[in-house]
Amino acid sequence: MLLATFLIQYERIKGVQSSGVMTIFWFISLLCATVIFISKIKHALNLEDPFRYATFCIYFVLVLVELILCCFPEQPPLFSETVNDPNPCPEFSASFLSRITFWWITGLMIQGYRSPLEAKDLWSLNKEDKSEEIVPGLARNWAKEWSKTKRQPPNMSYAPKKQQKSGDSNGDVTEEVEALIIKPSQKSPEASLFKVLYKTFGPYFLMSFLFKAAHDLLMFAGPEILKLLLNFVNNKAAPNWQGYFYTVLLFVCACLQTLILHQYFHICFVTGMRLKTAIVGVIYRKALVITNSARKTSTVGEIVNLMSVDAQRFMDLATYINMIWSAPLQVILALYLLWRNLGPSVLAGVAVMILLVPINAVMAMKTKTYQVAQMKSKDNRIKLMNEILNGIKVLKLYAWELAFKEKVLEIRQKELKVLKKSAYLAAMATFTWVCAPFLVALSTFAVYVTIDKNNILDAQKAFVSLALFNILRFPLNMLPMVISNIVEASVSLKRLRVFLSHEELDPDSIVRGPIKQAEGCIVVKNATFSWAKTDPPLLNSINFTVPEGSLVAVVGQVGCGKSSLLSALLGEMDKKEGYVVVKGSVAYVPQQAWVQNATLEDNIIFGRELSESRYKRVIEACALLPDIEILPSGDKTEIGEKGVNLSGGQKQRVSLARAVYCNADVYLLDDPLSAVDAHVGKHIFEKVIGPKGLLKNKTRVLVTHAINYLPQMDTILVMTDGEISEMGSYQELLEQDGAFAEFLRTYANAEQTMENSDTDSPSAKEGKPIENGGLVNEAPGKLIHRQLSNSSTYSRDTGKPQSSTADLQKPPAEKNSWKLTEADTAKTGRVKASVYWEYMKAIGLCMSFLAIFLFMCNHIASLSSNYWLSLWTDDPVINGTQQNTTLRLGVYGALGISQGIAVFGYSMVVSIGGIFASRHLHLNLLHNVLRSPMSFFERTPSGNLVNRFSKEIDTIDSTIPPIIKMFMGSTFNVIGACIIILLATPIAAVIIPPLGLVYFFVQRFYVATSRQLKRLESVSRSPVYSHFNETLLGVSVIRAFQEQKRFIRQNDIKVDENQKAYYPSIVANRWLAVRLEYVGNCIVLFAALFAVIARNKLSAGLVGLSVSYSLQITAYLNWLVRMSSELETNIVAVERVKEYSEMEKEAEWSIEQTAPGSSWPQEGKVEFRGYGLRYREDLDLVLKNINVTINGGEKIGIVGRTGAGKSSLTLGLFRINEAAEGEIIIDGVNIAKIGLHDLRFKITIIPQDPVLFSGSLRMNLDPFDRHSDEDIWRSLELAHLKNFVSSLPDKLNHECAEGGENLSVGQRQLVCLARALLRKSKILVLDEATAAVDLETDKLIQSTIKSQFEECTVLTIAHRLNTIMDYTRVLVLERGEVVECGTPDQLLQEKGIFYSMAKDSGLV
């Protein structure tokens, strides 16, 4: 009592709201008191000591009250910190009873049953499950471990040359070791990730050991009590209370077992969840600091796989790892009890088991190797899919879908081959598993009855042994699974370790000092850089100094290292030697703008605080005002992934605005003017970059191709082949008369006349809608839909933007409806039966029914064999022996063997059927996605699609078939057990239906919530990957702006959102399991109870049969619900894969009947007749009433201000969007009537954004292998790439990286030109393809097009008017209509729109 008082006070101080210790204490006290109380009442008649009697009664009542009070939680203590959480998790304020039975989640279950749950209904995570608690712990431990292994000097002799390489800048040992650790010798120790994980999560996880051990011991109580019960039934003289006592004992043991087991599982699952959180967090943090060379070794796909698949492996492992010691413990205990029961004949059974273990182990290892192979194919497939989805626009324009579909299917074929092998293995494994317990029982009983005639197989021996064999079955099945799980996890562990051990960028390679007026703002002294430690240097002995506040231009040919120089200044490259100082903060504008999936405003502010005035100034200076007017919700418009709803020019300007807004000291600008039009470029240069711009007092380094700005520069660096060949001001360089002067002379004339007109010409200042490549630069692969060019654009006159206010203030409903990307939606409600039907059809109906039939056979055989056993045990004993033993044994064996054959059969059928299904579903999905129109890809984030191809297909491949097997198995098991109990004690018919109903309700109740939680979890998983993908693409920008902290925080928030849905679903599983096992325990209770009541009528054999089946039923019920909910949650994958096959499709790819002849189009005459186009049903026409005839061989320039519909014209020509009215006729064929591929193969486009796919250069030029090598070399020569390609080691087989990263943008542009030259079609469309190229290359391209496409029809969307001044005709578009059309000279005479545009560009 004193101890109790002390404990209560202690826990009050600790602020525990409900104590387990106390509840258990009062419960035991009450039990003890009850016994005395009952005996006191019996003796109440003769009171010797009324005082003691009275006090005892009071004591009893008090203990009872205390116990009841203990069941309610107390208020939190006054001094606890206030929790300002809108929706805290009720777990910690729940009472002890509520927590061990998981009653506290019931509220959520009821809510989920009434209406589908939504994200806002979920509780917040507990503090100790949040990312900011978990991840830093793991990161710290890993850093410690990592530094430990680095500190030990490696046992390698190294050549002095090696030392040089590892960077002499601070020549300390750690750096040398780092260089070596990448190729560790056998001896150098590796950082052990396992140790680190153990350190981080071990202490909490250790609790589960105790629970597991307690549960294992309780498990064996069942068979022991069964033994006593059977003795009681046989012994007619025993008093009745004994039977009832055993029954109650059986029930209590079962209940305790349930509670303990689920506490154990809860701990395991929570640990698993924390592991996943930690791993995702650590990977994300690592991805922000690894070097670029390390990025090359792990593609985006692989890193995303680490986050999804490998982190998942650890979660799975956490639940199983205890089986490593628990399984052998269970086996040993079971064998000991069996030995006591049957003596040495047990060894026969053990021998069979031991034989099966190596077989299972071999299978597990084999499965492992297949798994690795499958992962590899899967990685490749996802990588390819990623690229296809990123470059889908280009695929459509070039009509290359089929070539890429073949590539994907080729990889898929390999994957299925491996899957098929694993399926055969799985069938073998299932066979050994299901038959093992039976074979063991058979061999044991056979040996037992044949050794000695006097060995009688009575009910007690047979059924207690069977119960023990059933217990044995579980650990023996689990071991191989656990082993293979551990092997899988170790593979994942290795992958993770390799990733976490990648080189990191050396933050000290660049000295980032505060601004001091020393030598200059950027100082570089004979520095040499390369992309990786092992690569040859790219930039050699660079020396230059940039004084503070000066403007420096970097010029040079394509691929001479201009962008690399900026990367080097940012610290993205590996510094071999030398000294670099960059003083102050840095802002960076990359050559290919990186835009986040956020609002336009967020993209510009980029985590800084908003200052209205500054924001306005920046937007104005970057010429973004007109664009913001066009966007549906102004600067609050959400921008899609990779900026799909902005054009190239807009993205570039957003990227520039971001840099300008952040107000840094040093600006590194990588050719920001290339993607915008000439006079927008001019506006930006004047307002932002130039001597009078916003940045006039900052230090600016500008990579540029535009010559006309060079005179205004303070210094010009001329680069050739990774070295600075000349340096000085414009005048100095002209006087030196070197390479630069030569370069200028060639181009100055052309350009000077064009653009260097007087600066005060009425340029963009007059509020004309600025022609800024705004919505024009249709970037292929960046999937732009200018659904934005909304009506507001067209109410414009050239003079003043009169966007009527009505247009800008659209009704709010419309604003909200204009969300660009559709989030991954969660379907609600039950999975429809049609989905299962779909899946059965995918397998094939014959196979489906065959499988069901084989299942039936298997279970009928299994039931009969056990029933036969009970008849056998009831055989009368004559002279100490049983008769006809051999007959009994023979039939028993035959039934067993037939059971085995059925198992093998159904296992094979299901596995092979599953492969048929997954082949069929993947093929459909791929075909349908490729057949979707462009608008679909603009609306759907690529993350969703990749998720379908990786996660959902993986589920269909490898998760659904085994789940179906187990689901069917447990269904039949439960039915079987009920039949047996009814046979033995027909009176149980009263009890089984009500329990069945309870069971059914609990299950429906649970599945409603669980399914929705699972869906919420998978929906909240997509943003984690999308954000991660985005981060990987923009990692250099994030590092340059030093925003890593903010992005890490965002990632943490997204992971926590995901775990918020996962945590309740774990608890819901436990809630369900506890409820169901109680139903199961009731069945045990009643089976035993009825057996005791009717003990005089029953034979011991039947009692044994019915109780041993009822003991198993709990496990089966548990499995059944687990499997049915697993099946429902996983079959959703089929639903989601099917969902994309019902989407709208574009027109047929080829139509036999209308296919034009092979030589079509012969002259290339294009007619637009009353043509009109709109982007979506609910939007206005973007092009209206266009009537133009273009004769074969004409060269047409298409000009017009932003949003005038220039690109829409090409989209219409390629039928990326179908005509809304009118038609386009090419050489007398109406293009709307023929197949899309028939059309797109015959027209060629050189898109604005050059997109390459990973694969050989040859594949990028000619994916269908239609051309000979000579043709390809000729086209490369004409595209001026021959020298470059010949210099590559692999020539045409040069591997292009993902997105063509390893070629410069200019080179990629030339590759696109080479593609066009190869196809050599009659009609060529140029989408201002020369933006990213320096002038020399530009000139080459123009001349190539003139000479090579002389007799072709060429349509050019021009931003630089000088390129089209010698074309046959010019079309001027305004607000979607053709306003002027004629030769350039005529139009200049007319003094119309074309004239004013020419004037802006300084051509007049």
Side-chain angles (χ1 to χ4, degrees), residues 219 222-223 226 254 258 261 429-441 463 466-478 481 851-870 895-896 898-907 909-910 961-984 988 991-993 995-996 999-1000 1002-1003 1072-1073 1076-1084 1086-1087 1104-1127:
M219 229 159 93
L226 175 63
T258 300
L261 179 66
T430 313
F431 172 69
T432 52
W433 280 9
V434 176
C435 291
F438 179 80
L439 288 173
V440 171
F463 288 107
L466 265 188
L468 285 167
F469 281 136
N470 278 327
I471 288 181
L472 258 182
R473 170 189 200 158
F474 182 68
L476 287 175
N477 286 348
M478 284 304 288
M481 189 164 150
I852 293 171
F853 173 69
L854 287 169
F855 266 110
M856 302 272 299
C857 295
N858 166 34
H859 284 284
I860 290 169
S862 154
L863 287 180
S864 355
S865 68
N866 281 333
Y867 188 64
W868 185 256
L869 185 66
S870 88
L895 283 169
S898 55
Q899 183 187 344
I901 293 167
V903 171
F904 189 67
Y906 80 66
S907 202
V909 171
V910 173
I963 284 180
I964 287 181
K965 270 188 246 180
M966 292 196 238
F967 172 70
M968 300 287 289
S970 28
T971 315
F972 283 114
N973 276 335
V974 171
I975 295 169
C978 289
I979 291 173
I980 290 280
I981 292 171
L982 286 173
L983 273 177
I991 252 338
I992 284 180
L995 283 177
Y999 173 83
F1000 180 74
V1002 167
Q1003 200 257 10
L1072 170 81
L1076 288 187
E1077 291 199 10
Y1078 271 94
V1079 173
N1081 295 344
C1082 289
I1083 292 181
V1084 175
F1086 288 115
L1105 186 63
S1106 107
V1107 176
S1108 69
Y1109 258 100
S1110 72
L1111 278 175
Q1112 278 178 286
I1113 205 168
T1114 335
Y1116 289 147
L1117 283 178
N1118 220 338
W1119 258 126
L1120 182 58
V1121 170
R1122 282 272 292 281
M1123 285 303 131
S1124 61
S1125 63
E1126 282 277 285
L1127 188 59

Closest non-hydrogen contact found for Phe431 with Val903 is CA-CG1, 3.8 Å
Compare every heavy atom of Val909 with every heavy atom of Ala851, then report the nearest pair and how far apart it is.
CB-CG1, 3.8 Å
Minimum-distance pair of heavy atoms, taken over all atoms of Ser1110 and Ile981:
CB-CD1, 3.8 Å
Rounded to the nearest 0.5 Å, how far does OH of Tyr867 lie from CG of Leu1105?
8.5 Å
Tell me whether Ser864 contacts the main-chain N or O of Ile860 through its side chain, where contact means a donor paired with an acceptor under 3.5 Å.
yes
For Leu995 and Val1079, the nearest pair of non-hydrogen atoms, with its separation, is O-CG1, 3.9 Å
Hey, could you give me the OG/CD1 distance between Ser870 and Ile980, rounded to the nearest 0.5 Å?
7.5 Å
Taking the six-membered ring for Trp, are Phe855 and Tyr906 parallel (under 30°), tilted (30 to 60°) or perpendicular (over 60°)?
parallel
Rounded to the nearest 0.5 Å, how far apart are OH of Tyr999 and CG of Leu1076?
5.5 Å
Go through Thr971 and Leu1120 one step at a time and tell me if the side chain to side chain contact (heavy atoms under 4.5 Å, CB included) criterion holds.
CA-CA 6 Å; Thr971 315; Leu1120 182 58; 3.5 Å; yes
Donor-acceptor under 3.5 Å (Asn1081 side chain, Glu1077 main chain):
yes
Please assess Tyr1109 against Ile1083 for the test side chain to side chain contact (heavy atoms under 4.5 Å, CB included), listing each intermediate value before the final yes or no.
CA-CA 10 Å; Tyr1109 258 100; Ile1083 292 181; over 6 Å; no
Least distance between heavy atoms, Ser862 atom then Ser865 atom
O-OG, 2.8 Å
Yes or no on side chain to side chain contact (heavy atoms under 4.5 Å, CB included) for Ile975 and His859, after CA distance, side-chain angles and deciding distance?
CA-CA 10 Å; Ile975 295 169; His859 284 284; over 6 Å; no
I'd like to know if the side chain of Ser907 and the backbone of Phe904 have a donor-acceptor N/O pair within less than 3.5 Å.
no
Do Phe1086 and Ile992 make a side-chain contact, defined as non-hydrogen atoms from C-beta onward lying under 4.5 Å apart?
no
Nearest heavy-atom contact between Met968 and Ile852 is CE-CG1, 3.7 Å
